[in-house]
Amino acid sequence: MTASRDTSPLPTGHHLTRRTVVTAAGAGSLAVVLIGCGSGDDSDDGDKGAPEPAGKKDEKGEESEEKDTGGAAAAAVLARTADIPVGGGKIFKDEGVVVTQPTKGRFKAFSNRCTHKQCPVTSVEGGTINCPCHGSKFDIADGSVRRSPATSPLPPAEIRVEGEAIRLA
């Protein structure tokens with residue numbers, strides 16, 4: 001009779017089951033996929049139409065290369081009023097805000113994070129700001145909930161409209 005020698009790295013009395021092996025393999029595969037998806041490259045963020053901060057105008061009214069450097073009091077231009085459609089809005093992902101124009105000349109701003117599970121909202125259509133995660137919808141005029149599961153309105157964000165320019169306050 002020969003004695004068998006246990007060379008398993010597991011403590012005595014513990015055995016690998018098929019379920020354990022399959023679960024570990026699935027978790028490893030999921031980690032690889034998530035790492036590949038989370039490259040950190042935000043170059044394709046869907047806001048390709050967002051304007052660059054406006055430069056100063058010279059005495060001829062033409063744009064100069066000099067940027068406004070007035071510090072925190074002189075925030076960069078977020079958008080031009082013409083960029084925000086009446087009855088709609090535009091999402092500014094990097095700034096974390098949604099700017100809307102519920103009626104002509106009236107501009108509002110809200111956080112771009114759904115109050116249900118903090119997913120970023122991704123569209124403004126049909127008079128609502130829309131979250132793709134669970135289908136919540138918020139009114140473009142006041143941020144109130146139009147469709148659950150969210151139960152709280154979008155928090156307002158402070159903006160200033162100066163002529164044609166919309167700036168974060």
Side-chain angles (χ1 to χ4, degrees), residues 30-169:
L30 179 61
V32 169
V33 169
L34 291 176
I35 289 170
C37 290
S39 69
D41 181 9
D42 291 335
S43 61
D44 187 20
D45 63 5
D47 282 339
K48 295 186 187 322
E52 291 294 318
K56 290 186 177 182
K57 296 197 186 244
D58 61 18
E59 57 276 353
K60 296 178 188 174
E62 297 175 357
E63 292 275 330
S64 71
E65 290 300 312
E66 182 181 350
K67 299 290 182 199
D68 189 349
T69 57
V77 173
L78 182 63
R80 296 280 179 211
T81 55
D83 297 336
I84 311 300
V86 176
K90 186 169 182 178
I91 299 166
F92 297 90
K93 179 180 169 186
D94 291 341
E95 292 80 4
V97 298
V98 180
V99 177
T100 64
Q101 187 177 186
T103 57
K104 186 166 177 60
R106 186 171 155 239
F107 296 90
K108 305 292 268 178
F110 307 96
S111 166
N112 76 337
R113 293 288 175 168
C114 178
T115 57
H116 175 238
K117 294 285 184 185
Q118 299 301 306
C119 291
V121 298
T122 57
S123 68
V124 181
E125 300 173 341
T128 60
I129 301 165
N130 309 304
C131 179
C133 292
H134 302 102
S136 293
K137 293 182 180 277
F138 304 89
D139 193 281
I140 63 169
D142 59 10
S144 63
V145 176
R146 285 271 210 79
R147 186 165 89 186
S148 58
T151 57
S152 301
L154 289 176
E158 296 295 320
I159 56 170
R160 293 188 324 256
V161 179
E162 300 168 343
E164 299 286 317
I166 300 172
R167 300 175 189 270
L168 289 175

Practice problem: Start with the C-alpha gap between K90 and V99, add the side-chain angles, then the distance that decides, and say whether side chain to side chain contact (heavy atoms under 4.5 Å, CB included) holds. | Solution: CA-CA 5 Å; K90 186 169 182 178; V99 177; 5.6 Å; no
Practice problem: Please assess V97 against L78 for the test side chain to side chain contact (heavy atoms under 4.5 Å, CB included), listing each intermediate value before the final yes or no. | Solution: CA-CA 10 Å; V97 298; L78 182 63; 3.9 Å; yes
Quiz item: What do the steps show when you test I84 against I166 for side chain to side chain contact (heavy atoms under 4.5 Å, CB included), and what is the final call?
Solution: CA-CA 10 Å; I84 311 300; I166 300 172; 3.8 Å; yes
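Here the shortest heavy-atom pairing between R106 and A141 reads NH2-O, 3.7 Å. Of all the heavy atoms in V124 and G88, the pair that sits closest is CG1-C, 3.6 Å. Across all their heavy atoms, A165 and V77 have their closest contact at CB-CG2, 3.9 Å. F92 and A79 make their closest contact through CZ-CB, 3.6 Å (heavy atoms, listed as atom of the first residue, atom of the second, distance). Residue A75 comes nearest to R160 through the heavy atom pair N-NH2, 4.2 Å, listed as atom of the first residue, atom of the second, then distance. I140 approaches I129 most closely through the heavy-atom pair CG2-CG1, 4.0 Å.
Remark: side-chain polar atoms of T128 are not paired, donor with acceptor, to backbone N or O of N130 under 3.5 angstrom. Side-chain atoms of S136 come within 3.5 Å of backbone N or O of A150 as a donor-acceptor pair.
Note on residues 140-151: pairs passing salt bridge (charged side-chain N to carboxylate O under 4.0 Å, His left out), not counting sequence neighbours, are D139-R146. Within the structure, the disulfide (SG to SG under 2.5 Å) test picks out the following pairs touching residues 127-169 (sequence neighbours left out): C119-C133.
Inter-residue side-chain proximity for T115 and F138 is flagged as met; some heavy-atom pair is nearer than 4.5 Å. Taking the side chain as every heavy atom from C-beta outward, Q101 and V86 approach each other to under 4.5 Å. The shortest distance between side-chain heavy atoms of K108 and P102 falls below 4.5 Å. In this structure the side chain of T151 never reaches within 4.5 angstrom of the side chain of V145, judged on heavy atoms.
In this structure, OG in S152 is found 10.5 Å from NE2 in H116, a value given to the nearest 0.5 Å. Annotation: the span from L154 atom CG to C114 atom SG amounts to 7.0 Å, rounded to 0.5 Å. Atom-to-atom distance recorded for R167:CZ and E95:CD is 13.0 Å, nearest 0.5 angstrom.
The number of heavy atoms from other shown groups lying within 6.0 Å of CD (E158) does not exceed 12.
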